[in-house]
Amino acid sequence: MRKPMIAGNWKLHKTLEESSSLVAELIPAVADNQNVDIVVAPVYTALGKVAETINGSNIKLAAQNCYPEPQGAFTGEVSPPLLKDVGCQYVIIGHSERRQLFGESDEQVNSKAHALAEANLGIILCIGETLEERETDQMFDVLRRQIRLGLKKLSAEQMAGVVIAYEPVWAIGTGKTASDEQAQEAHAFIRALVTELYDEQTGNATRILYGGSVKPGNVDSLMSQPDVDGALVGGASLKSEDFARIVNFQPIA
Ligand code: 13P
């Protein structure tokens, strides 16, 4: 009942030409897949070009960040209505790179969530613990805090537009994937928390993606875990062949 989502976060990679070639290769490779929500998140400057290239395909567009105000004197920022205008259906917020490198707080993430809900855009909220937090038994507290504060005052109705991405920081770009059991444990905890904060139906309906070194070789078993509803893919989303294989994952019976 939860439609899987496979999203590619391209981070700070690819020129206009490279971006449109990547999706042009991807389109035929995933065209037959109607069972998965397929999302790509290029850099801001490539959004328009990628939107044109994927027009009419089953690939959806996301941005990697946004500013929480719709317009105004905010030099260098981009707002949810403008992201919608360029063709985005989703926006990633709270990525660990933004939290760590740009000092983004849970409060800022929460104002972005409200601005996106207001603009009727889908939200991909990233959460995840560092290695130190995991090793000092703070993992569940960290996930609880990131979810409680990140989703603060979002209604159950607005939660229909929220996808949560569990990305343990120690697994991002390191080649170290969480084991299937580690992913399932965290996802089950997150779902139980969403149920506690909202209700059973919201908990059951909310999609929870895993992110952190997802590759063609580990996606099948990750996607076979009952609470893993998709993947947020970094490095492997930059190669059409790898990303297509991830999109066309084969759950293990
Ligand atoms: P990698 O897949 O490169 O580990 O990156 C994960 C990620 O941060 C996706 O948002």
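Position 1 is the first residue of the sequence; numbering continues from there. Counting starts at 1 for both ligands and their atoms, following the listed order.
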| note | When Arg145, Gln138, Arg144 are each screened for side-chain hydrogen bond (donor to acceptor under 3.5 Å, both in side chains) with Asp141, the one that passes is Arg144

| task | Would you list the pairs meeting salt bridge (Lys or Arg N to Asp or Glu O under 4.0 Å) in which at least one residue belongs to residues 42-69, sequence neighbours left out? | result | Asp37-Lys60

| said: If the threshold is 4.0 Å, N to carboxylate O, is there a salt bridge linking Arg99 and Glu104? | reply: no

When the side chains of residues 77-87 are checked against the rest of the protein, which donor-acceptor pairs come out under 3.5 Å, sequence neighbours left out?
residue : atom : partner : partner atom : Å
Ser79   : OG   : Pro70   : O            : 2.7
Lys84   : NZ   : Ala119  : O            : 2.9

| Arg2/Asp227 under side chain to side chain contact (heavy atoms under 4.5 Å, CB included): CA gap, chis, key distance, verdict | CA-CA 10 Å; Arg2 294 186 295 269; Asp227 289 297; 4.0 Å; yes

| task | Could I get the full list of side chain to side chain contact (heavy atoms under 4.5 Å, CB included) partners for Ala46, not counting sequence neighbours? | result | Leu16, Ser19, Pro42, Val43, Val50

N or O contacts of ligand 1 with protein under 3.5 Å, please list pair by pair.
residue  : atom   : partner : partner atom : Å
ligand 1 : 2 (O)  : Ser213  : N            : 3.4
ligand 1 : 2 (O)  : Gly234  : N            : 2.9
ligand 1 : 3 (O)  : Gly235  : N            : 2.8
ligand 1 : 4 (O)  : Gly173  : N            : 2.6
ligand 1 : 4 (O)  : Ser213  : N            : 2.8
ligand 1 : 5 (O)  : Lys11   : NZ           : 3.3
ligand 1 : 8 (O)  : Lys11   : NZ           : 2.8
ligand 1 : 8 (O)  : His95   : NE2          : 2.8
ligand 1 : 10 (O) : Asn9    : ND2          : 3.0
ligand 1 : 10 (O) : His95   : NE2          : 2.9
ligand 1 : 10 (O) : Glu167  : OE1          : 3.2
ligand 1 : 10 (O) : Glu167  : OE2          : 3.0

